[in-house]
Number of protein chains: 2
Amino acid sequence: MTTRGRGLHGHVLETLGPAIAAGEYPPGSVLRTDELAQRFEVSRSVMREAVRVLESMHLVESRRRVGVTVLAKSEWNVYDPQVIRWRLAGADRPHQLRSLTVLRSAVEPIAAGLAARHATAEQCAELTECALGMVATSRGHQLEAYLVHDVAFHRVILNASGNEMFARLGDVVAEVLAGRTHHEVMFEDPDPAAVTLHVQVAEAVREGDAARAEELTREITVGALQELDILAP
Amino acid sequence: MTTRGRGLHGHVLETLGPAIAAGEYPPGSVLRTDELAQRFEVSRSVMREAVRVLESMHLVESRRRVGVTVLAKSEWNVYDPQVIRWRLAGADRPHQLRSLTVLRSAVEPIAAGLAARHATAEQCAELTECALGMVATSRGHQLEAYLVHDVAFHRVILNASGNEMFARLGDVVAEVLAGRTHHEVMFEDPDPAAVTLHVQVAEAVREGDAARAEELTREITVGALQELDILAP
DNA sequence: GTGACATATAAGTCTGACTTTTTGTTCACA
DNA sequence: TGTGAACAAAAAGTCAGACTTATATGTCAC
């Protein structure tokens, strides 16, 4: 699925990246390019390219006479989709999933409000279609099919907001929703109330009712927070 | 300030990156590594490292027998701090500033609410200090000094939220605030009402009043939206 | 027009030699 | 004993050149 492994340098990244993201090398650890090149059985040039990419993600820092130093987590480019994927693949997964869910809860209501203002007729149609798809697959253990429509729904909202920063969070939301279905508690059919909320959001967007779209989406994200026991008492 | 230019490859990036981010090469444009290496008077290895970094930002895609293709803006990693800086430095600046301000308006109120719950005593003290600094410099054309305190204030809020995704938006907010002071309308002293709001947010966080901190911060961000004529009628 | 094949092209890879920066040590001198 | 300047070693940085591989495109037979 995510195994693109474009070229040798890509293969190195897919091994070293997750390892660093999982915290296998504590901050301050020092690696040497030559040694890494030997370990991965690639030439120094290939290894250097991989290190450059890790450096651009602020996962490591390369300094002369010292080596390649692993940086503290607080330095990482945590919005880099690849970093997010690497972290979700490792031991940090639960923590990462919580952070992302909180981010979602901040962004999506505002995005829905904007979508109600800016959505095109086509986007409104897509949204309704997604919502109907969710209703149709909400019973009878069709969790995978339901997930597809759920992800599509939220993607349309984020895109329709007209804000490029929101639009680029589509992958993040997809990852969170998939995580919930595949790894977290989600044995039974989805909550009927949540399904209804999605239908109502689609309605509100179609009617251009920004305030209602925002409020309804807030209810959806509050539900997501509660599922992870992130309370708001 | 931002001119780190670490190594030759860094110098290449600082020229090529902004050019691409500014849209000088339309999506689909094809560059050749050898040609670029000649143009920048560096070896192919150095050029390749630079291309790899641009590729990790999804600004370009490198394919055999084709070359280095510039990707559509919708593919870019718009949360990469370097990409944000490059775009802010170019013709895209106004558009970028608007996107980021909308993002701010979504995130900061939620972050303030969380800060009210999670802030340490030290963070509360810092916050109060920042707010007082803002008050002290809010009159008499001390715009630069005011900006320093303003940026610090919002950084503390984002950090105190305890959410790493929010915390990493500190640079973004700093950039937006600096942009407003340096390039946009900001000839006179800051709005006294805004200053008061910051003081009140500090209060609310200190008292652990999440709902009030959130609401007051929302008022601040709504003000920022209005300054850019992003209405909410 | 369709499909198999050949060819040219540009990225990808490897190697080895050389340069540059920086750290840490050593040694002289106050 | 402490200070500092010179020195040596280590690791990244840079370069040039030869070679490999994938692939877009054109060619030809059918």
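If you're wondering where the values come from, they're calculated on a predicted model, not measured in any experiment. First the proteins, then the strands, lettered A, B, ... as listed; each starts at 1.
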Distance-only, no hydrogens or angles: does the [X] side chain make a donor-acceptor pair with backbone N or O of [Y] under 3.5 Å?
X      : Y      : value
A/E55  : A/S62  : yes
A/R168 : B/S74  : yes
B/W86  : B/L16  : no
B/D150 : B/Y146 : no

For the pair made of [atom1] in [X] and [atom2] in [N], what is the distance, rounded to whole Å?
X     : N      : atom1 : atom2 : value
B/L36 : C/dA11 : CG    : P     : 9 Å
A/F40 : C/dG12 : CZ    : C1'   : 19 Å
A/D34 : D/dA10 : CG    : P     : 13 Å
B/E35 : C/dA10 : CD    : P     : 10 Å
A/R65 : D/dA8  : CZ    : C1'   : 9 Å

| request: Taking the side chain as every heavy atom from C-beta outward, state whether A/Y25 and A/V60 have any pair of such atoms under 4.5 Å apart. | output: no
| So with a 6.0 Å cut-off around CD of A/Q142, is the heavy-atom count from everything else above 12? |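 Buried by this count: over 12 neighbours within 6.0 Å.
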| request: Mark yes when over 12 heavy atoms from residues, nucleotides or ligands other than B/E24 sit less than 6.0 Å from its CD; otherwise mark no. | output: yes
| message | Using C1' atoms of five pairs at each end, report the bend of the helix from C/dG1-D/dC30 to C/dA30-D/dT1 rounded to 10 degrees. | response |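 For the helix from C/dG1-D/dC30 to C/dA30-D/dT1, the axes at either end differ by 10°.
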Between the protein and nucleotides 13-17 of chain D, which nitrogen or oxygen pairs are less than 3.5 angstrom apart?
from	atom 1	to	atom 2	distance (Å)
D/dG13	OP1	A/S62	OG	3.4
D/dG13	OP2	A/R48	NH1	3.0
D/dG13	OP2	A/S62	OG	3.3
D/dG13	O4'	A/R64	NH2	3.3
D/dT14	OP1	B/L8	N	2.5
D/dC15	OP2	B/S43	N	3.1
D/dC15	OP2	B/S43	OG	3.2

| message | For the CE atom of A/M165 and the OH atom of B/Y79, what is their distance to the nearest 0.5 Å? | response |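 It comes to 4.5 Å.
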